[in-house]
Asks: 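Please see the structure below; I have some questions.
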Amino acid sequence: MTDEKTLEMEAPPDADRGTEMAKDDGPDAGTTADYAYFEGRVVPFEEAKVHILTHTFNYGTGVFEGIRGYWDAERDEMYLVRLSDHVERLVTNCRILMMDPGHSVSDICEICKDVVRQNQFRQDVYVRPIVYCSALRVGPGMNEEQQLAVYNIAMGHYHDPSHAIDVMVSTWRRTDDNAIPARGKINGAYVNSSLAITEAKRAGFDDAIFLNQNGNVSEGSVMNLYIKRGDALITPPVTANILEGITRADVMTLARDEIGIDVVERSIDRTELYHADEVFFCGTGAKIVGVGSVDRRQIGEGGVGPVTAKLQKVYDDVVHGRNDRYRHWLSPVYKG
Ligand SMILES: Cc1ncc(COP(=O)(O)O)c(C=O)c1O
């Protein structure tokens with residue numbers, strides 16, 4: 001990987017750089033790498049292609065993960081954040097679709113690291129493993145034909161963390177656990193997120209907040225959500241049709257242990273968003289991002305709130321290996 005392929009997600013690359021994908025889609029744009037893991041081996045990226053009949057392409061019948069790696073130039077090392085937790089979630093989620101990932105958690109972790117190594121990434125990276133249904137046939141019923149694929153893209157900010165974003169409560173409700181479970185990180189379920197984010201952007205907002213089928217706050221389009229009211233941080237419970245975010249759990253730990261603020265998991269009403277002192281999103285891709293307004297109602301002073309800013313700093317230190325207490329959250333790629 002060369003520096004040429006560096007990509008801030010807000011600034012899609014020129015058309016003639018690297019292997020291209022989704023060039024003009026704003027924050028979703030990415031530049032891919034030279035190699036991917038596909039059908040049991042690492043192959044040139046252009047060879048990692050699926051047939052038009054592939055079941056997951058037609059029906060969304062896959063499970064995936066998103067893992068970030070942060071490049072540490074001083075140590076000449078790449079650290080993947082919470083690698084085994086992400087892979088364990090992938091393997092556990094396969095149970096929902098009755099899929100067999102075909103590899104152990106430790107094998108998949110090694111494959112993820114190997115793909116980054118082969119690509120010689122020396123910049124922040126996003127690692128995407130997918131377990132997909134590779135059967136070539138029509139009809140949504142699944143069989144045992146499954147494959148693991150892993151690719152990388154260079155990744156900058158999803159939302160610029162130095163600015164608070166303006167969000168709307170989506171008119172789209174979060175998919176219910178008894179319909180398409182949000183905790184499953186199922187490929188096809190992300191149509192729900194696509195509808196919400198696209199609606200929000202076209203209406204002039206930066207992102208969206210989902211309510212669940214009960215009308216309580218669930219999460220963001222691809223991020224979990226916290227509010228601060230009074231002396232505590234509050235986040236919806238895992239039963240609110242959220243993805244059980246790894247960053248959500250990490251924020252909980254860091255808020256309690258590093259900042260000394262209480263965290264409560266409970267249902268959040270829509271209007272509590274408008275009453276909140278602070279609102280922020282968190283997720284692997286988005287990291288921690290402050291919300292300045294919800295439905296055009298200003299939150300706090302309208303910028304990144306003080307507790308949000310503290311958490312951003314603490315989290316940034318942790319993922320960049322500057323806090324030894326959380327070193328075990330990081331997996332080195334090159335020397336590890
Ligand atoms: C719908 C949704 N919620 C929350 C998150 C945050 O999860 P994590 O912190 O595990 O990346 C994601 C991230 O991919 C997501 O897609």
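All values derive from a computational prediction rather than experimental measurement. Remember, it's 1-based here, ligands and their atoms both numbered in the order they're listed. Along the sequence shown, residues are numbered consecutively beginning with 1.
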Asks: So for R174, does at least one of its heavy atoms come nearer than 4.0 angstrom to any atom of ligand 1?
Replies: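 Distance cut 4.0 Å: R174 passes for ligand 1.
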Asks: So, does R89 sit close enough to ligand 1 that a heavy atom of it is under 4.0 Å from the ligand?
Replies: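 Contact present.
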Asks: Purely on distance, is any nitrogen or oxygen of E219 under 3.5 Å from one on ligand 1?
Replies: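 Yes.
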Asks: Can you confirm, on distance only, whether ligand 1 has an N/O atom lying under 3.5 Å from any N/O atom belonging to T247?
Replies: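 Between T247 and ligand 1 (N or O atoms, distance only) the closest approach is under 3.5 Å.
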Asks: Considering non-hydrogen atoms of the protein only, which is the closest contact for atom 16 (O) of ligand 1, and what is the distance?
Replies: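 The closest one turns out to be Y190 OH, 2.6 Å.
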Asks: Under 4.0 Å between a Lys/Arg side-chain N and an Asp/Glu carboxylate O for R266 and E272?
Replies: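 E272 and R266: salt-bridged.
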Asks: So which heavy atom in the protein is nearest atom 13 (C) of ligand 1, and how far is it from that ligand atom?
Replies: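 For atom 13 (C) of ligand 1, the nearest protein heavy atom is V222 O, 3.5 Å.
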Asks: Between F280 and Y226, is the gap from one ring center to the other below 6.0 Å?
Replies: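 Yes, they do, as the ring centres are separated by less than 6.0 Å.
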Asks: Taking all atoms of both residues into account, what is the closest heavy-atom pair of V87 and V105, and its distance?
Replies: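 Reported closest heavy-atom pair: CG1-O, 3.6 Å.
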Asks: Would you say ligand 1 has an N or O under 3.5 Å from any N or O of G245?
Replies: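 Min N/O separation from ligand 1 is not below 3.5 Å for G245.
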Asks: At a non-hydrogen distance cut-off of under 4.0 Å, which region of K185 contacts ligand 1 (side chain, backbone, both, or neither)?
Replies: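 Just the side chain.
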Asks: May I ask you to check whether N119 and D34 show a side-chain donor-acceptor distance below 3.5 Å?
Replies: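 No.
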Asks: Do H55 and N58 have a side chain donor and acceptor closer than 3.5 Å?
Replies: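 Checked: H55/N58 side chains show no N/O donor-acceptor pair below 3.5 Å.
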Asks: F38 vs Y132 aromatic rings, parallel, tilted or perpendicular, using cut-offs 30° and 60°?
Replies: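 Correct class here is parallel.
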Asks: Which protein non-hydrogen atom lies closest to atom 11 (O) of ligand 1, naming both residue and atom, and how far is it?
Replies: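 For atom 11 (O) of ligand 1, the nearest protein heavy atom comes out as T284 OG1, 2.5 Å.
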Asks: Checking side-chain polar atoms at under 3.5 Å, does E219 have a donor or acceptor matched by the opposite partner on N224?
Replies: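 Short answer, yes.
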Asks: Could you check whether any side-chain N or O of E77 sits under 3.5 Å from a backbone N or O of Y334, counting only pairs where one atom can act as donor and the other as acceptor?
Replies: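 Yes; at least one donor-acceptor contact below 3.5 Å.
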Asks: Could a heavy atom of S221 be found less than 4.0 Å from some atom of ligand 1?
Replies: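 S221 counts as a contact of ligand 1 under the 4.0 Å cut-off.
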Asks: Where on S193 is there a heavy atom closer than 4.0 Å to ligand 1, on the side chain, on the backbone, on both, or on neither?
Replies: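 Neither; no heavy atom under 4.0 Å.
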